[in-house]
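Accompanying notes for the structure given below.
Quick caveat, the model's predicted, so the values are computed rather than measured. So you know, we letter chains A, B, ... as the sequences are listed, proteins then strands, and number each from 1.
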There are 2 protein chains.
Amino acid sequence: MERAYEQFEALQRRVMALQAALTLFEWDAETQAPTGGAERHAELVSTLSGEYFRLLNSEELRAALSAAQAETLTEAEALKCRELQRELEKLDGIEPADYEAFSGLRAKSVSVWMKARQTDDFSLFAPYLEQLLAFQRKFAGLRRKSQACLYDVLLADYEPDFSVVQLDAFFAELKAALVPLLKRIQTEGRAVDSSFLRGDFPQERQEALGRRLAAYIGFDFERGVLAVSEHPFTTNLHNRDVRLTSHYRDNLDSSLFSVLHEAGHGIYEQGISDELTLSFAGQGASMGMHESQSRFYENLIGRSRAFWEPLYGELQASFPEQLGSRSLDEFIEAINEVKAGLIRIESDELSYSLHILIRYELEKALMAGELSVSELPKRWADKYEEYLGLRPQTMAEGVLQDIHWAWGEFGYFPSYALGSAFGAQLLHAMRQRMDVDMLLREGRLDELRRCLNEAIHCHGKRYTSAELLERFCGEAFTPVYYVNYLTDKFSALYGLEK
Amino acid sequence: MERAYEQFEALQRRVMALQAALTLFEWDAETQAPTGGAERHAELVSTLSGEYFRLLNSEELRAALSAAQAETLTEAEALKCRELQRELEKLDGIEPADYEAFSGLRAKSVSVWMKARQTDDFSLFAPYLEQLLAFQRKFAGLRRKSQACLYDVLLADYEPDFSVVQLDAFFAELKAALVPLLKRIQTEGRAVDSSFLRGDFPQERQEALGRRLAAYIGFDFERGVLAVSEHPFTTNLHNRDVRLTSHYRDNLDSSLFSVLHEAGHGIYEQGISDELTLSFAGQGASMGMHESQSRFYENLIGRSRAFWEPLYGELQASFPEQLGSRSLDEFIEAINEVKAGLIRIESDELSYSLHILIRYELEKALMAGELSVSELPKRWADKYEEYLGLRPQTMAEGVLQDIHWAWGEFGYFPSYALGSAFGAQLLHAMRQRMDVDMLLREGRLDELRRCLNEAIHCHGKRYTSAELLERFCGEAFTPVYYVNYLTDKFSALYGLEK
């Protein structure tokens, strides 16, 4: 007799095929699709999303899940059931009509946000932001199980182990260490010359180099591609089809490090085990853990001297005019320049977390009803002035710079900062086991990738990020390694006394 | 109260969204997808096909269709209902299990065919071909309504007005005129030099030129793209998202004319009216009519002197080394060289229909049970010797050259020849209304496109190809214009007396 699990698996396969189709449409829109089809494209995506939710939310699937869970399952099977159940729980209590209205609102909001950003007019976007917030507060209220605050419900979608209590403590530590460090660099630090990273870098050579770097750190081009899009991103259909994009501008470091960043995400996705891919368990443990891998490659090792030692000659040969007369040390200094700015995605490694801190504090206040949408632009500007010493002069370089809120996503931002801290803690633990700098100098990147594969990637959602850290590092999460890493690195670079 | 039609429309939209997803997967596989994902990709496509057929074949859709057809409908609504009904009729009587087995067999057959072609071993493919034929004969038997022969049932899927009776007459005329003409050229014709079309043509310049030519004849890049794939093809998600591919080799004419060919298909798809797109009525009238448009641009005008007059200087400037010293007349002769060969897709314009004639005669005999699969390679070779004066020495250049039979498609080939004949008849009728050569010389391609848009493209499947010809040309289909066109053109080119 057929096991009930097989029936569940067949239904799950249909859900995942629809999800893969949606992913492909999204990828295609960013990389190939003609502009004139955008409106009809949105209708197709909306119809396919309907198919996806209809099946995911069907009685048939819920019944198959229950029946499967009543059987004896392998560990991987049980895991897939658990994660699908969690996905269903996110929909619990939410009226399909509300969900559809929210989806429609999101699509609309993104285009309004774009227009508001172009015309620098927050008032266009404000009513949409209010509605998006109202929906998310309503959904969070329906989904809230315990006495958690509304924001906690949303945070848990991205990072189950980190609610407001943990994040308050985390960000307090960052703030205490990084705000003064940044101020010291701004006032006492010596000058760094990064001007040679700007200039005329032919796109083909940047792209060839990006491809080389991605392959160098372990991204497998048999199971992945690199394309061009307006903003770099990574997506995947499954573990054998992982897709990166980059963009190529007049600043070389932008493409170098965005390829390393996206390839870090891609290596994670390629590392998820075959038995878990194409299920809800076959995804990164959390957004923060995903970000830890991208930032590991982009920053923690990617901006280190040891990483570039075996590569810098090649880089110079690609761009002899700009780099031929620059030493490796000059290059390392330039790619690590601290230059606090108003734009998160252009931020240096040190001030990055402060951009996130600001968004965290604002989201928390918005969700708690302590901050109104109309007060948001001023509060945003005040915080930038306080933490980074800069005040935005336009909405586009201020509150309208990120797309996330237009997507209706609140609670996502903290993952970016957590990811950096996870990465630093993982690197610290790796250093206990292997000579990381030697491996980098010898170009043995595969050994690092294999270590991360085994510790993190292959498990998908088997463990939470806190569990993964505990297992690999032998201790609970702590931001101390991240703070120490930043403090040591940038104090040295800028000649600050401890 | 909501009209029943609205419910039908909503279901149809879901079917079409799934179809668009399948199209996108296919496009992606040919243009971007990483090779290592192919197997899982096939599983996803198979699952999505299942979704598509489940919905298309659902009681819900059939009931909604009947209810809608009982209402007062607009002309376009009635048309969409009619075409969906025809789609359903194709499935009538076929067991879902048989259909699935056939789909699985097709997928398998393609990879076996590839292997057989590589190893030049027909015996690998033969058992698959036998099974594919058996399925199609069974399906045709179930679907057959009148005393039509089995092959007629399949032919009607591609070209409803042309059954064996009509095609026998059509091909008899072609054979009577073209076989002797080709023999005369082979024995009496003067030599044509096309050697300068082979050489080192940088891909970027070929691609830029292809883009320029496609736009020149009226393909709208706001609503379409041109990418690279192994074999050129055209596909579309809807009328605002039409996708062409080309390939770039060392023979310039191959990319020039394949872009013109594919852009001709693309112009057809872009011309289908908004009210019909994303429905079964929103597709080309028939495969033959589609092919008439691609061949109109590729051959009927694309290989004419008037077409190249305003363009040739530009072409020379793109490739000064190869074309700088060649006159327009030399170029026109070279691109029209008759060189009977064994490979259909490399064929010149004159011998093309003879390749199709051979396939038609073989398919007809196979479906009628008059020819066995084991006898096929010899029969193929005999016919090539008889009609083209050449005998294939390998299976790869003989019976294994086309993918169509591996797809389980029998009855498709005649469309290629019909398309050329439709195109010639349309061009003849156009010449009665406008000075086509003057428009070409003045680069007024838009006027030709608009004429075809109104007469053919916008209607989708509103009329059959025979009806479209009758409406535009004021007479029934006849191959006489095609035969005359080929005879006049190639007699002149090769200096043959009439």
Side-chain angles (χ1 to χ4, degrees), chain A residues 10-29 31-52 54-55 204 219-228 236-245 266 270 274 277-278, chain B residues 10-29 31-52 54-55 204 219-228 236-245 266 270 274 277-278:
Chain A
L11 283 164
Q12 180 185 248
R13 206 174 296 133
R14 291 169 56 192
V15 171
M16 300 318 288
L18 288 163
Q19 194 187 65
L22 288 164
T23 304
L24 186 58
F25 264 100
E26 203 179 327
W27 161 265
D28 179 73
T31 58
Q32 278 200 324
T35 52
E39 204 173 315
R40 199 151 284 156
H41 176 106
E43 289 163 20
L44 289 171
V45 166
S46 149
T47 306
L48 285 173
S49 302
E51 293 301 300
Y52 169 79
R54 191 173 293 116
L55 193 57
E204 314 83 68
F219 182 78
D220 178 359
F221 278 99
E222 274 285 304
R223 300 185 291 142
V225 296
L226 172 64
V228 176
N236 76 92
L237 301 191
H238 46 71
N239 66 352
R240 295 185 192 184
D241 186 338
V242 180
R243 299 170 182 223
L244 321 177
T245 71
Q270 290 184 336
D274 278 340
T277 194
L278 282 174
Chain B
L11 283 164
Q12 180 185 249
R13 207 174 296 133
R14 291 170 56 193
V15 172
M16 300 319 288
L18 289 163
Q19 193 187 65
L22 288 164
T23 304
L24 187 57
F25 264 99
E26 202 179 328
W27 161 264
D28 180 72
T31 59
Q32 280 200 320
T35 51
E39 203 174 316
R40 199 151 283 154
H41 175 106
E43 290 164 21
L44 288 170
V45 165
S46 148
T47 306
L48 284 172
S49 301
E51 292 301 299
Y52 169 80
R54 191 173 293 114
L55 193 57
E204 315 82 69
F219 183 77
D220 178 359
F221 278 99
E222 274 285 302
R223 301 185 290 143
V225 296
L226 171 64
V228 176
N236 76 91
L237 301 191
H238 45 72
N239 65 353
R240 296 184 192 184
D241 185 338
V242 180
R243 299 170 181 222
L244 320 178
T245 71
Q270 289 185 335
D274 279 339
T277 194
L278 281 175

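Heavy-atom pairs under 4.5 Å with chain A were tallied for B:Arg223, B:Arg14, B:Glu222; the largest tally goes to B:Arg14. Contact tally against chain A (heavy-atom pairs below 4.5 Å) for B:Glu51, B:His41, B:Glu39: the top residue is B:Glu51. Interface remark: of the candidates A:Ala17, A:Gly36, A:Pro34, A:Pro34 forms the most heavy-atom pairs closer than 4.5 Å to chain B.
Take A:Arg40 and apply the side-chain contact (heavy atoms from CB on, under 4.5 Å) test, not counting sequence neighbours, and it matches A:Glu43, B:His238, B:Asn239, B:Arg240, B:Asp274, B:Thr277, B:Leu278.
Put simply, the side chain of B:Leu18 reaches to within 4.5 Å of the side chain of A:Leu18, judged on heavy atoms. With contacts defined as side-chain heavy-atom distances shorter than 4.5 Å, the pair B:Arg243/A:Asp28 qualifies.
Heavy-atom neighbours of chain B within the stretch residues 19-26 of chain A, taken at a separation under 4.5 angstrom, comprise A:Ala20, A:Ala21, A:Leu24, A:Phe25.
Proximity to chain A is limited to the side chain of B:Ala227, based on heavy atoms less than 4.5 angstrom apart. A:Gln32 touches chain B through backbone and side chain together, each having a heavy atom under 4.5 Å away.
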